[in-house]
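These notes concern the structure reproduced below.
Labels below follow one simple rule: chain letters A, B, ... track the order of the sequence lines, proteins then strands, and each chain is numbered from 1.
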Protein chains: 2
Amino acid sequence: MAVSATLHDVARIAGVSIKTVSNVINGYPHIRPATRERVESAIAELSYTPNQTARNLRSGRTGAITLAVPDLSLSYFGELAAAVIHEAERAGLVVLVEQTGGDRSREIEMLRSPRLKLTDGLIFSPLGMGQDDVDNLSVSYPLVLLGERIFDGPVDHITMHNVDSTREATEFLIAQGRRRIAVVGAHKGEIVGSAGLRLRGYREALDAAGIAFDDDIVAYTTLWHRANGARSMRQLLADGAKFDAVIGLNDTLALGAMRALQETGRHVPDDVVVVGYDDLDEAQYSIPSLTTVDPGRDWIARTAVTTLQRRLNGESADPGALRQFAPYALRIRESAPQKNA
Amino acid sequence: MAVSATLHDVARIAGVSIKTVSNVINGYPHIRPATRERVESAIAELSYTPNQTARNLRSGRTGAITLAVPDLSLSYFGELAAAVIHEAERAGLVVLVEQTGGDRSREIEMLRSPRLKLTDGLIFSPLGMGQDDVDNLSVSYPLVLLGERIFDGPVDHITMHNVDSTREATEFLIAQGRRRIAVVGAHKGEIVGSAGLRLRGYREALDAAGIAFDDDIVAYTTLWHRANGARSMRQLLADGAKFDAVIGLNDTLALGAMRALQETGRHVPDDVVVVGYDDLDEAQYSIPSLTTVDPGRDWIARTAVTTLQRRLNGESADPGALRQFAPYALRIRESAPQKNA
DNA sequence: GTGAAAGCGCTAACAA
DNA sequence: TTGTTAGCGCTTTCAC
């Protein structure tokens with residue numbers, strides 16, 4: 001990181017060879033105490049620290065991994081990154097963070113970027129790429145894929161029970177007597193992807209309950225942030241849509257929608273109940289607090305790091321175990337409370 | 001990042017020397033077209049990419065910087081990191097993110113960590129270290145300090161107008177006719193640090209308006225997150241404190257406090273007005289939206305990166321210009337609206 | 001316009 | 001127990 005002493009400088013001062021210095025630094029046990037002491041005082045005198053880059057070149061490893069997410073200012077990815085960095089630190093790895101903006105071409109470019117060469121492997125959470133781009137995942141470095149944009153790729157993949165969990169959340173609303181359940185954040189025509197899968201879970205629950213799907217209470221919006229949640233909800237209200245419940249396909253959408261509901265005088269949960277998806281920290285402290293799906297973010301972070309590390313250590317994937325699903329749970333709070341029987 | 005072709009492999013296939021290959025890669029202009037073509041097809045054939053680590057060793061630079069923050073799951077730091085990474089990318093740098101947890105000893109340890117050797121410089125936002133730890137900032141690599149924990153250190157320092165901006169926010173409340181302004185998030189006995197400085201701005205505004213400071217409406221809490229904002233507010237209410245306004249020393253505290261107010265039936269802004277500090281994305285979409293101080297986060301990120309880069313390029317600091325203040329602005333929203341005259 | 005060779009700082013065979 | 005030496009893959013004088 002700066003002009004500093006080298007192994008040779010230390011060796012010269014201590015009157016030994018660089019090998020001996022190297023041995024001392026790397027904790028090689030069989031060194032005469034007197035020698036060790038001389039080396040250590042030389043190290044202290046020069047305040048020598050090993051050049052990490054040279055070590056990397058020698059060892060072929062950097063001890064760093066890359067995490068690529070759409071944007072850290074999106075709460076979900078901020079919390080995911082926090083968890084990944086935390087887990088990586090426990091594994092002795094540091095994390096370089098890239099932001100793709102969720103843009104397909106930037107994601108593809110990122111996969112081939114020479115900048116990745118700075119790290120040993122990649123944890124990648126795409127948002128713009130789709131099934132057609134699966135070939136781009138055939139890269140020459142260890143890669144762990146997160147999310148639901150691409151399936152059956154040639155890489156380890158950690159994903160959520162999107163369909164099951166959203167079905168369960170919808171069933172919960174139906175069990176509370178709700179029949180007109182609006183959706184905020186759907187993506188037109190999407191089959192895979194978080195939006196498509198969660199919408200499928202929603203529809204499966206409706207079907208099972210014999211409730212007709214009504215496209216008039218489904219709001220479509222691309223980027224999942226608060227502003228779009230609020231805008232979509234205002235649009236639904238302006239269109240005169242009638243509903244007694246809302247599912248935001250993520251928490252920020254739900255929070256934005258809740259805000260729009262309340263600014264037009266609707267009461268949550270008395271008039272409309274609202275559920276989200278992600279269990280952000282914020283979901284506990286919104287007003288009202290948000291009923292939501294906890295998608296197992298910490299589990300995902302931990303599994304991503306340990307899986308990547310296994311590949312870094314050369315373990316090849318068990319072909320049957322490439323895909324791993326995070327455990328989920330419905331967190332029932334005030335915005336869609338459990339009715340007392 | 002993986003076993004891959006080297007310059008020598010390419011040179012052999014192309015029938016040239018490695019120097020020529022290197023020239024082609026680095027865009028050296030004077031190469032015979034035929035030669036260039038042979039080299040390029042050899043590169044393509046082997047799908048060769050340069051080994052970044054070797055380049056780093058040679059050049060003494062990595063093209064990466066470290067950003068150390070308390071925790072990315074704290075919205076402020078998530079948004080700050082997003083801005084820093086964005087600016088760094090524009091400057092051709094990648095960013096390694098470390099989380100210190102805001103813990104003093106981990107912060108100090110981080111400054112000396114050999115892991116930093118992987119990058120060229122550090123942007124450091126401490127939370128636990130204080131003025132007494134200033135000596136730890138005398139490091140051998142380029143360092144840019146963010147925040148208000150340490151002043152007059154030997155390094156570039158980017159900070160906020162904490163006192164002025166909070167005074168202005170408080171004056172705004174006073175101008176709206178508020179006299180009993182509670183504070184959430186104060187730190188007992190703190191002089192420097194965000195909490196101490198912001199509280200000082202608050203007191204200056206009170207003094208100027210001839211309003212007595214009342215410790216009974218100041219809630220002390222260490223970690224600035226939603227839960228503590230809510231807890232502090234509940235405590236104030238339980239203690240029977242009387243107030244007509246609340247200043248949260250950051251947005252998450254203010255949002256938590258607002259939540260606690262509303263769950264006990266208080267209306268914001270009719271009964272109590274609330275202002276925060278940070279202008280998180282969320283502040284625009286809370287219910288009601290939050291009046292807050294925009295501390296110039298993007299400016300901070302941009303200035304941090306450009307300042308660090310200047311040091312990386314060997315420019316020494318102008319001693320008088322080590323300290324830079326971000327421009328701030330009060331964002332007036334629904335939680336503490338501007339009264340119409 | 002292209003090649004040969006030194007060396008960035010370190011690790012790890014292999015010797016002594 | 002310690003020293004010598006050969007690279008890791010690249011950039012960069014300095015020749016030709």
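Non-hydrogen atoms lying under 4.0 Å from DNA chain C are contributed by Arg32(B), Thr35(B), all within residues 32-53 of chain B. Listed by residue number, Thr6(A), Leu7(A) are the residues of residues 6-13 of chain A with a heavy-atom contact under 4.0 Å to DNA chain C.
If one axis is set at each end of the helix from dG1(C)-dC16(D) to dA16(C)-dT1(D) from five pairs, those axes are 40° apart, to 10°.
Applying the salt bridge (Lys or Arg N to Asp or Glu O under 4.0 Å) criterion to Arg55(A), with sequence neighbours excluded, gives no partner residue. Partners of Asp133(B) according to the salt bridge (Lys or Arg N to Asp or Glu O under 4.0 Å) rule, which considers only residues two or more places apart in sequence or in another chain, are Arg104(B). Under the salt bridge (Lys or Arg N to Asp or Glu O under 4.0 Å) criterion, Arg38(B) pairs with no residue, sequence neighbours left out. Judged as a salt bridge (Lys or Arg N to Asp or Glu O under 4.0 Å), and not counting sequence neighbours, the contacts of Asp281(B) are Arg226(A).
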query = Given the rule in the side chain to side chain contact (heavy atoms under 4.5 Å, CB included) test, do Thr159(A) and Phe151(A) qualify, once you have shown the distances and angles that lead to the verdict?
reply = CA-CA 10 Å; Thr159(A) 187; Phe151(A) 290 96; 4.3 Å; yes

task = Assess whether side chain to side chain contact (heavy atoms under 4.5 Å, CB included) is satisfied between Val24(A) and Val10(A), documenting all intermediate values.
result = CA-CA 11 Å; Val24(A) 170; Val10(A) 176; over 6 Å; no

List, with names and distances, any nitrogen or oxygen atoms from the protein found under 3.5 Å away from nitrogen or oxygen atoms belonging to nucleotides 3-7 of chain C.
| residue | atom | partner | partner atom | Å |
| --- | --- | --- | --- | --- |
| dG3(C) | OP1 | Ser17(B) | N | 3.4 |
| dG3(C) | OP2 | Ser17(B) | N | 2.7 |
| dG3(C) | OP2 | Ser17(B) | OG | 3.0 |
| dG3(C) | OP2 | Thr20(B) | OG1 | 2.4 |
| dG7(C) | N2 | Arg58(B) | NH1 | 2.9 |

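For residues 135-148 of chain A, the set of pairs meeting the salt bridge (Lys or Arg N to Asp or Glu O under 4.0 Å) definition, not counting sequence neighbours, is empty. Listed by first and then second residue, the salt bridge (Lys or Arg N to Asp or Glu O under 4.0 Å) pairs involving residues 105-114 of chain B are Glu89(A)-Arg106(B) (not counting sequence neighbours). Judged as a salt bridge (Lys or Arg N to Asp or Glu O under 4.0 Å), the pairs with a partner in residues 4-28 of chain B (not counting sequence neighbours) are, in order, Asp9(B)-Arg12(B).
Look at CG on Leu57(A): it is 13 Å from P on dA12(C), rounded to the nearest Å. If you measure from atom CD1 of Ile25(A) to atom P of dT11(C), you get 7 Å, rounded to the nearest angstrom.
Judged by closest nucleotide on DNA chain C, His30(B) is the one of Asn26(A) and His30(B) placed further toward the 5' end.
A donor-acceptor contact shorter than 3.5 Å links the side chain of Thr306(B) to the backbone of Thr303(B).
Rounding to the nearest 0.5 Å gives a distance of 8.0 Å between OG of Ser17(A) and CG of Asn23(A). Atom OG1 of Thr20(B) and atom CZ of Arg36(B) lie 11.0 Å apart (nearest 0.5 Å).
The local environment of CD in Glu37(B) is sparse, with at most 12 non-hydrogen atoms from other residues, nucleotides or ligands closer than 6.0 Å.
You can see that DNA chain D meets the heavy atoms of chain B within a 4.0 Å-exclusive cut from dG9(D) to dT13(D), reading 5' to 3'.
The closest side-chain heavy-atom distance from Leu111(A) to Met129(A) is below 4.5 Å.
Side-chain contact of Asn56(A) with Thr62(A): a donor-acceptor pair under 3.5 Å is absent, judged by distance alone.
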